[in-house]
Amino acid sequence: MVKKQLLLIDGNSLAFRAFFAMHNQLDRMISHDGLHTNALVAFNNFLDTIVDPMQPDYALVAWDAGKRTLRTDKYDDYKGGRSKTPPELSEQFPYLREMVELHGIKSYELVDYEADDIIGTLARQGEADGMQVTIITGDKDLTQLATENTTVVVTIKGVTEVENYTPAHVAEKYDGLTPHQIIDMKALTGDTADNYPGVTKIGPVTAIKLLNEWGTLENLYDHVDELKKSKMKENLINDKENAFMSQDLATIRTEAPLEVGIDDIAYKGPDYEAIIPFYQNLDFKQQLAKLKSQGHMETTKEPQKVLKYTEVTADNLAEISQLSGDVAVYIETPAENYHISEMVGFVVGNAEQGYYVSRSVELLLMPAFRDLLEDNLIKKNVFNAKATYVLLNRLGITLAGTDFDLLLASYLVDTNENNNDLGALAHEHEFYDVETDEEVYGKGAKYAIPADDNIYFEHLVHKANAIDLLREKIFNRLNEHEQLPLYNEIELPLTFVLAKMEIAGITVDTQRLQEQGSKLVERLSELEQSIYRQAGEEFNIQSPKQLGEVLFEKMGLPVIKKTKTGYSTAVDVLEQLAAQAPIVEAILEYRQVAKLQQTYIDGLLKVVHSTDSKVHTRYLQTLTQTGRLSSVDPNLQNIPVRLEEGRKIRQAFVPSHPDWEIFGADYSQIELRVLAHITGDEHLQAAFRDDEDIHAATARRIFGLTPEQEVDGLMRRKAKAVNFGIVYGISDYGLSQSIGVSRKEAKGIIDRYFEEYPGVKAWTENVITEAKANGYVETLSNRRRYLPEINSRNFNLRGFAERTAMNTPIQGSAADIIKIAMIKMEAVLEAEGLETTMLLQVHDELIFEAPKAEIEKLTTLIPKVMDSAVQLDVPLKVESHHGLTWYDAK
DNA sequence: TTATTCACG
DNA sequence: ACGTACGTGAATAAC
């Protein structure tokens, strides 16, 4: 028989999570009555995506009753020092309870007790009745309740990403402890969040060690005299009273005098009828749209607005010429790679004069359309200008007059609003009068452009209309963010520079690639045989699972690191094992060779266009959180360079004309120069003004060398790692891992760095403070990245957000600079009448192909354009190289 | 679809 | 005390 399911939810803890998960949206999510709704929205998503699909038999949301509880009676300072619940959250609590009830779940609170105790009590009752219990909370303390029949689900990030604690998982996380021992662990460590003390100087590591040795707090204290004389022993004895008080406070009650029983909390499921007015009152447009699409809402489904449109025929082409003012232009492609996808329809027009649609893109070649599209004075509204430009270019039309790109502008306003589906993106902007492609075309095997003209054309027309109607709203937001120059002067011009680079493509010497490939294949089979022989069996070397079994079980090598699913066999692990077993060396080489063969030989050959023997990557301009580009189909930003074997792949990238060369130019230390500029640090700036070797200069400073003393290789290597670390948002742990010293030593080095570069220290502190206050950070060009986790109470999430707050202005400003350089570069090459063509961008370098006759000029021109792209307080430095292949441009 | 590994700046 | 360096894409295995 299937066990009945009992679901218990920690209301307060999840409400806090929900509130802070959407804290950056706080000012935007306000209902027409002025009520903040961010926690309500996130909590509702949680109920929709996690609770409703579970369909438990019984469910309850437990809430804290008030400030005073049994625990505060026992210990005045319990949960003292906690900052007050923000009023923006407090006002949402009554609605949260109502929302829970409307989802068919009982809400409950009990005077003197906390939500934990209600959950603990019902969990034990449920178990006694033979049920399977699930507890959902944001508070790890509840993991003490885990048993074979009770799983504690703890949220990791937001309210929909979770981790399941079973007794086995508790043992894994806490080095063998049972859930019940969590209580004694808390007794020893105390809890800063709940503000109770524990024993001085005992943290989780020591606590776990003690409990693994003595089992329980009581047993530990019974035998405390047997411990070796130590500071810890003294602390244990001195803080005994605190330990037992903390134990009491940490213990979740399982016999609270509840007035509800299991029978009273049957799960009823959402009351769709009653929830509609509730959503309407809170202006939950997205949730209402979802109810409609799921058919829970009467066909009150407002019919989509009727938009005026005409199918293009030979007879009405004249009307197209009458279009004036702004027009939306959208071309439909079933596949995302616009360089090769079929084109299956288009729409051109505007709401006032009507939209013109057809399945035949060839019609765009008619003068009526061509003249309109190529007219710089007729402003175009589009979704993804780069795709539109490339698609029209394939038809022989040069798009001009592009003014608004919904996708690009939306990404600048908030880097997360970058959905490549027009409908989905419009929904994120609270515009619902357009469906997603998935809704209209289906997905996967079911994907099909509708055969019915009405359905298909209306979808196209609603897309065009969405672009038109969102235009003003998004421009306003760009303006509020002071991002109009970023949009008009950087991103929009860049999109056409990128389009031309993609269209140009880079020629691949496929024969060369195949020759290299056959050598690799040969080497692979040698290595394979050698590995099988040494392992004594044949297995799949590319399976980390099978490889782990061979190395760690069969051959008994020591386990250095584990992953979520088993043994780690990553490079750093294997390198540590190499001395112990020769097979490891062979595996490392096998991995390296297989990577080259699979990703760079076979992978590249697959995407070479047969027509021109080139690869045409697509640069994603609206993806990264920092403002960098990324490159796909193929990725030309990660072609091997560090190891000679891989670097040879670059010999296959060649100019498209005889007597031409590949020319490359790269910024030297651009990120550290940006750092010197934005921090204003005098010492760092001086080093760059004097064109010093920056890593050696840093080494001199942090190791306190006199001018006569030489910087040795080890010092420079360490200083280089520190410089990297500063850019990444440094931590002592990270640095210690990268240079293989103790954490303490790493911390000393960082302290020295900050003493020597006080401007950098002040800036890092300041940027974090600003991020906490604003919820975002910005680059030199006002590119913005939101950091919702910057105020999280979760150490990991907050730490990550803090490092990001430091890294993004640096990495993002460097991205701004090279983008500006690219725009100027295209103009200069044109103005100088050069044939040289810009082909690739790899974050801090640009790759060109050029006639040999132009090379000499380029060696001064290109670095000049790049180093004068922006004026910083330190000089920018650019190095350039050229040769017959990309490999030789070094 | 998710996890792991490894290529780049 | 906590436990990670920042940003990406592609291939493969294993669900």
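Only heavy atoms go into these numbers, but all of them, side chains included; no hydrogens, no water, no symmetry mates.
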Q) Whole-Å distance between C:dA10 P and A:Ile601 CD1? A) 17 Å
(Q) Heavy atoms only, 4.0 Å cut-off, all strands: where does A:Gln625 land among base, sugar-phosphate and nothing? (A) sugar-phosphate
**Q.** Base paired to B:dT5 (Watson-Crick or G-U; both N/O distances under 3.5 angstrom)
**A.** C:dA10
Q) When all nucleic acid strands are considered with a 4.0 Å heavy-atom cut-off, which category describes A:Asp633: base, sugar-phosphate, or nothing? A) sugar-phosphate
Q) Pick the nucleotide of DNA chain C nearest each of A:Leu604 and A:Gly725; which residue has the one closer to the 5' end? A) A:Gly725
Q: Starting from C1' on B:dA3, measure out to NZ on A:Lys545 and report it in whole angstrom.
A: 13 Å
Q: Using a heavy-atom cut-off of under 4.0 Å over every strand shown, decide if A:Ala207 touches base, sugar-phosphate, or nothing.
A: nothing
Q: Using the six-membered ring for Trp and the full ring for Phe, Tyr or His, decide whether A:Phe800 stacks on the six-membered base ring of C:dT4 (centres under 5.5 Å, planes under 30°).
A: no
Q | Watson-Crick or G-U counterpart of C:dA1, or none if no pair lies under 3.5 Å | A | none
Q: Output yes if the stacking criterion (under 5.5 Å between centres, under 30° between planes) is met for A:Tyr728 over the base of C:dC6, else no.
A: yes
Q: Starting from P on C:dT8, measure out to OH on A:Tyr619 and report it in whole angstrom.
A: 17 Å
Q: Check every strand shown and say whether A:Ile639 touches a base, only sugar-phosphate, or nothing at a heavy-atom separation below 4.0 Å.
A: sugar-phosphate
